[in-house]
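What follows is one structure encoded as structure tokens, with my remarks underneath.
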Amino acid sequence: MNEKIPAPGADGDDVELRILEVAFNESVRKLPLPIGAVDTLQSRAQAITATATAVAAFLGGLGFRAGLSRWEWAIATAGGVPYVISLGVCLSVLTPRIAGWEVGQDSRKLATAARNIGDLKTVYRELAIRYQEGFENNERRARKLARRLKLAAYLVPVELGFLLWLVVATAT
């Protein structure tokens with residue numbers, strides 16, 4: 001694969017080979033992009049976790065300082081449910097399963113395939129297709145994590161509402 005592509009107009013000029021090289025280089029460039037997005041999602045998950053915990057600590061503490069009636073315990077429990085779900089969802093974003101993310105090809109398999117194929121065009125074509133499939137797989141997984149994180153972000157205001165209700169209920 002270290003074979004140099006001839007300059008345009010040179011002997012052996014092969015337009016298809018150069019186009020396949022461009023496709024291959026683009027697929028190699030795109031492959032790790034969704035994995036980089038996961039780092040951003042994890043930073044956001046940390047912020048959501050900190051916010052949810054602060055809301056639970058401050059407002060929950062205010063509500064629990066007075067003795068709670070059964071009704072107030074029900075409100076506190078209802079407010080704790082979105083908090084627990086939010087933390088669980090954020091934890092799943094912070095610790096995604098590593099298996100299944102595609103970051104490249106096994107060099108031994110490439111060398112064996114190159115020996116069997118022997119045609120640079122076919123190698124470029126096959127690798128470009130495999131890397132594109134890997135990119136799509138990684139993108140699908142990153143979108144799934146983003147949807148989970150969106151759920152956690154929506155649960156924080158729900159938690160806040162229940163805990164504010166608890167503070168108001170115990171203040172009267």
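Positions are given from 1 along the sequence. Values below: every heavy atom of this structure, side chains too, minus hydrogens, waters and symmetry copies.
Separating the CD atom in Glu136 from the CG atom in Asn138 is a distance of 10.5 Å, to the nearest 0.5 Å. In this structure, CG on Leu160 lies 4.5 Å from CG on Leu164, to the nearest 0.5 angstrom. Ile48 contributes atom CD1, which lies 10.5 Å from atom OH of Tyr154 (distance to the nearest 0.5 angstrom). Here the CZ atom belonging to Arg140 is positioned 11.0 Å from the CZ atom belonging to Phe135, to the nearest 0.5 angstrom. Taken from CG in Leu151 to CZ in Arg148, the straight-line distance is 10.5 Å, to the nearest 0.5 Å.
Taking hydrophobic clusters as Ile, Leu, Val, Met, Phe, Trp and Tyr residues chained together by side-chain heavy-atom distances below 4.5 Å, Val93 does not share a cluster with Leu91. Both Trp165 and Val158 are part of a single hydrophobic cluster, where members link through side-chain heavy atoms under 4.5 Å apart. Both Val84 and Leu87 are members of a single hydrophobic cluster when ILVMFWY side chains are connected at heavy-atom separations under 4.5 Å.
Counting only residues at least two apart or on different chains, the side chain to side chain donor-acceptor pair (under 3.5 Å) pairs with a member in residues 39-58 are Thr53-Tyr83.
In plain terms, the two heavy atoms of Leu149 and Val89 that are nearest each other are N-CG1, 4.2 Å. Nearest heavy atom pair, residue Phe162 against residue Gly79, reads CB-CA, 3.3 Å. Minimum interatomic distance between Cys90 and Ala45 (heavy atoms only, all atoms of both residues): SG-O, 3.6 Å. Contact detail for Leu163 and Ala56: the closest heavy-atom pair is CD1-CA, 3.6 Å. Between Leu145 and Leu41 the shortest heavy-atom distance is CB-CD1, 3.9 Å.
Of the charged side-chain nitrogens involved, at least one lies within less than 4.0 Å of a carboxylate oxygen, so that Arg143 and Glu139 count as a salt-bridged pair.
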I'd like a table of donor-acceptor pairs (distance under 3.5 Å, sequence neighbours excluded) in which one partner is a side-chain atom from residues 25-32, with atom names and distances.
unit_1, atom_1, unit_2, atom_2, d
Asn25, ND2, Glu21, O, 3.3
Glu26, OE1, Arg29, NE, 3.1
Glu26, OE2, Arg29, NH2, 2.6
Ser27, OG, Ala23, O, 3.3
Ser27, OG, Phe24, O, 2.7
Lys30, NZ, Gln132, OE1, 2.8

